[in-house]
Each structure stands twice: as structure tokens, then as C-alpha cells.
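Side chains are part of it too, since the values below use all heavy atoms of this structure and drop only hydrogens, waters and symmetry mates.
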Amino acid sequence: MSTTMNNKLSVIIPTLNEAKYIDRLVEFIQQNANQKIAEVIVVDANSSDNTAEKAGLSGAIVISVKEASRAYQMNEGAKRATGDILYFVHADAIPPESFIDDILNAVKSGYNLGCFRFRFKSKNPLLMVNSFFTRFKVLWCRGGDQTLFIDKATFDQNSGFNEKYVIMEDFELIQRLWNKYPFKIIPKSVSVSERKYKQNGYFKVNLANLKLYKLFKKGCEPEKLKEKYMALIEHS
């Protein structure tokens, strides 16, 4: 991709009842924008808390949708984006402070898409093992928690997220694109919440993730994947 350091990012955050985290994330992005952020777009799926209000007060553009599906929400955000590069971030994640220049440098170097590594806020040594493996370019080590950047032309040319995938939409997109385009794992870490592990326990969550990944690779229907995942672990 031909690009310059004048390109701007559109940050897209899908939310559902994320009032605890959303203002902190939007404010962090605004503080580090350095005039290289086109906009922050929060796509809220009719939250029952004050996620949308907090996002708006923090300076984000808020889009309200009725369907709580990240693939759909992120596609809706992409339609509104004016930046040359799309950056998809989960509400409970915090990128490294240098994330904008890291992404712009990756795109300038010829990478159409990519992600960061991640680390949990917890110092639990078991969670540190999970974090360690996110440095490797294998599909099972990927996931939305690492955030995802992709130049908008590539995103649009490949029809964005497949909205059939009501779960594992990030895996589906990456699997579809990373043998087609250069994929960059930036050697810095996004800080993510360990809330799912606190609620369910380390081994239970990892076993559920492994089962889901195997079913995904076997071509299991997305609705069945979601049904299985919801049965395997508890969700906030």
C-alpha cells in the first residue's frame, strides 16, 4: 500500500454494557491522538447501562444499533469512518501509548493489516503464559483482544467482517486475509482485562477457547459456535 505518515486512523469500538471501561479508553485514545486520529467511533448495541452517554461525553462519535454482534457493529463503524486506516479495539483494552505511530509505521512498511501482542493486567503467571504466545504468527494465538488494524481499502475490497460470524469474527477475517496480504504483529502489548478468567478460572476458559477453535477450523456454523461457547463459560 502506498501511504505517508499523514494518514489518519479511525478507531472503532463495539460495545455492549461497557460503562466501566469505555470513557477510560476513549480518553486514552484522545490524549494520544497527536492529530493522527480521524475519529473515535463507538458502535453501541443498545446497552442497558450508560455506555453510550459516557462515550459521547468523552468525545467519541456514538452509533446506536439494535444488533449485539461485533462483526455487524464493526462493519457499521467502518461505514462511518473517514480515516485511511481502521483500528478495531475492544472496550476493556488499552493499547500502548505509541500505538498510532506503531500502526502508521507498519502500514508505511507495506503491511495491510496486523495487531499487537497482549498482556493481562493481572500478574498471574498462568496468564503471562497466554500473553507470551501472542508474539507468534499462528492463527490460534490471535484474537480481538490484541486489537486489529487494517487499511480501509483492503477492508472494503474484502467486504469487511463476515456478519455470519456472531462469534470468532476476528479469526475468520484474519484467516481469510493473512495469506493474501502482509500481516504484522507489532512487538508491543495491549493491556487487557482478565475479567473472563476471574469469573470462570484459567483452565476452564482456555479449554473453552481450544474447543471453539477446533470447531471453527472444522467449519462449524457460527450460531452453533456461539451456543457452545455460551454453554461452556459464564459471561458478564
Side-chain angles (χ1 to χ4, degrees), residues 1-14 36 38 41 43 69-90 93 95-96 99-118 133-190 192 209-210 212-226 229:
M1 174 184 175
S2 175
T3 185
T4 70
M5 291 301 288
N6 293 323
N7 281 354
K8 290 189 176 182
L9 274 65
S10 290
V11 182
I12 299 169
I13 309 166
K36 296 175 183 176
I41 302 172
V43 188
S69 168
R70 278 180 173 151
Y72 169 72
Q73 289 171 255
M74 291 188 288
N75 281 345
E76 288 300 298
K79 290 176 186 176
R80 289 283 298 273
T82 62
D84 303 295
I85 303 162
L86 307 177
Y87 184 43
F88 299 98
V89 185
H90 288 182
F99 75 95
I100 299 174
D101 287 337
D102 295 332
I103 292 170
L104 291 176
N105 286 334
V107 175
K108 184 179 180 181
S109 297
Y111 292 95
N112 297 66
L113 70 162
C115 66
F116 289 88
R117 303 172 185 177
F118 76 60
F133 281 99
T134 61
R135 70 191 61 213
F136 300 114
K137 191 187 173 185
V138 289
L139 186 62
W140 67 267
C141 294
R142 303 278 65 83
D145 286 338
Q146 296 160 53
T147 69
L148 177 71
F149 70 86
I150 179 169
D151 73 74
K152 195 170 191 300
T154 299
F155 186 84
D156 291 342
Q157 288 164 11
N158 290 277
S159 303
F161 289 97
N162 184 342
E163 293 180 14
K164 179 182 176 182
Y165 280 81
V166 289
I167 191 171
M168 300 189 78
E169 70 291 330
D170 37 21
F171 284 88
E172 191 281 330
L173 178 67
I174 293 170
Q175 178 176 252
R176 183 160 32 103
L177 298 187
W178 77 346
N179 287 325
K180 189 175 177 182
Y181 301 99
F183 185 95
K184 175 72 172 179
I185 301 171
I186 298 172
K188 295 182 183 178
S189 295
V190 173
V192 299
N209 289 343
L210 178 60
L212 262 289
Y213 182 76
K214 286 184 174 180
L215 290 171
F216 167 77
K217 292 299 288 183
K218 288 180 180 178
C220 182
E221 285 296 311
E223 288 288 352
K224 291 194 175 294
L225 283 175
K226 183 176 181 179
Y229 194 56

### Task
Look at the side chain of Q73 and the backbone N and O of S69, then say whether any donor-acceptor pair between them is shorter than 3.5 Å.
yes
### Task
Of all the heavy-atom pairs spanning A78 and K152, show the shortest one and how long it is.
O-CE, 3.4 Å
### Task
State, with a plain yes or no, whether a side-chain heavy atom of P182 is found less than 4.5 Å away from one of N112.
yes
### Task
Before giving the answer on salt bridge (charged side-chain N to carboxylate O under 4.0 Å, His left out), spell out for K226 and E223 the whole-Å C-alpha distance, their side-chain angles and the decisive distance to 0.1 Å.
CA-CA 5 Å; K226 183 176 181 179; E223 288 288 352; 6.0 Å; no
### Summary
Output for pair (R80 CZ, I41 CD1), nearest 0.5 Å, gives 6.5 Å
#### Entry: Aromatic contact, F88 with F161 (centres under 6.0 Å)
yes
### Message
I'd like to know whether NZ of K137 has more than 12 heavy-atom contacts from other residues, nucleotides or ligands below 6.0 angstrom.
### Response
yes
### Message
Is the positively charged end of K184 above the ring of W178, judged by distance under 6.0 angstrom from the centroid and angle within 45° of the axis?
### Response
no
### L9 side chain near L104 side chain, heavy-atom distance below 4.5 Å
yes
### Query
Which distance, rounded to the nearest 0.5 Å, do you find between the OG of S189 and the CD of Q146?
9.0 Å
### Query
Rounded to the nearest 0.5 Å, how far does CG of N162 lie from CD of Q175?
11.5 Å
### Task
Give me the one residue out of I85, I150, L148 that meets side-chain contact (heavy atoms from CB on, under 4.5 Å) with F155.
I150
### Query
Is there any salt bridge (Lys or Arg N to Asp or Glu O under 4.0 Å) pair reaching into residues 158-169, and which pairs are they, with sequence neighbours excluded?
K164-E221
### Query
Is the F99 to F149 ring centre distance short of 6.0 Å?
no
### Query
For F216 and L225, which heavy atoms make the closest approach, and how far apart are they?
N-CD2, 3.8 Å
#### Entry: Any side-chain heavy-atom pair of L86 and I12 under 4.5 Å
yes
### S10 side-chain N/O to A81 backbone N/O, donor-acceptor pair under 3.5 Å
no
### D170 and R142 ion-paired at < 4.0 Å
no
### Query
Is E172 salt-bridged to R176, cutoff N-O under 4.0 Å?
yes
### Query
Got F183 and I185 here, is their nearest side-chain heavy-atom distance under 4.5 Å?
yes
#### Entry: Least distance between heavy atoms, K8 atom then A38 atom
CB-N, 3.9 Å
### Task
Measure the CZ-OH distance between F171 and Y213 for me, rounded to the nearest 0.5 Å.
7.5 Å
#### Entry: Under 3.5 Å side-chain donor-acceptor pair for T147 and Y87
yes
### Message
Working to the nearest 0.5 angstrom, can you tell me the gap between L173 CG and L113 CG?
### Response
7.0 Å
### Task
Work out which heavy atom in V166 is nearest to a heavy atom in P222; give both atom names and the distance.
CG2-O, 3.8 Å
### Task
Start with the C-alpha gap between N209 and Y229, add the side-chain angles, then the distance that decides, and say whether side chain to side chain contact (heavy atoms under 4.5 Å, CB included) holds.
CA-CA 8 Å; N209 289 343; Y229 194 56; 3.5 Å; yes
### Query
Rounded to the nearest 0.5 Å, what separation is found between the CD1 atom of I100 and the CD1 atom of I103?
8.0 Å
### Query
Under 6.0 Å between the ring centres of F133 and F118?
no
### Query
Do the non-hydrogen side-chain atoms of V43 and M74 ever get within less than 4.5 Å of each other?
no
### Task
Quick one: closest heavy-atom pair of C141 and T134, and the distance?
O-CG2, 3.9 Å
### Closest approach of V190 to D145 (non-hydrogen atoms, all atoms of both residues)
CG1-O, 3.7 Å
### Check: K180/N158 side-chain N/O donor and acceptor closer than 3.5 Å
yes
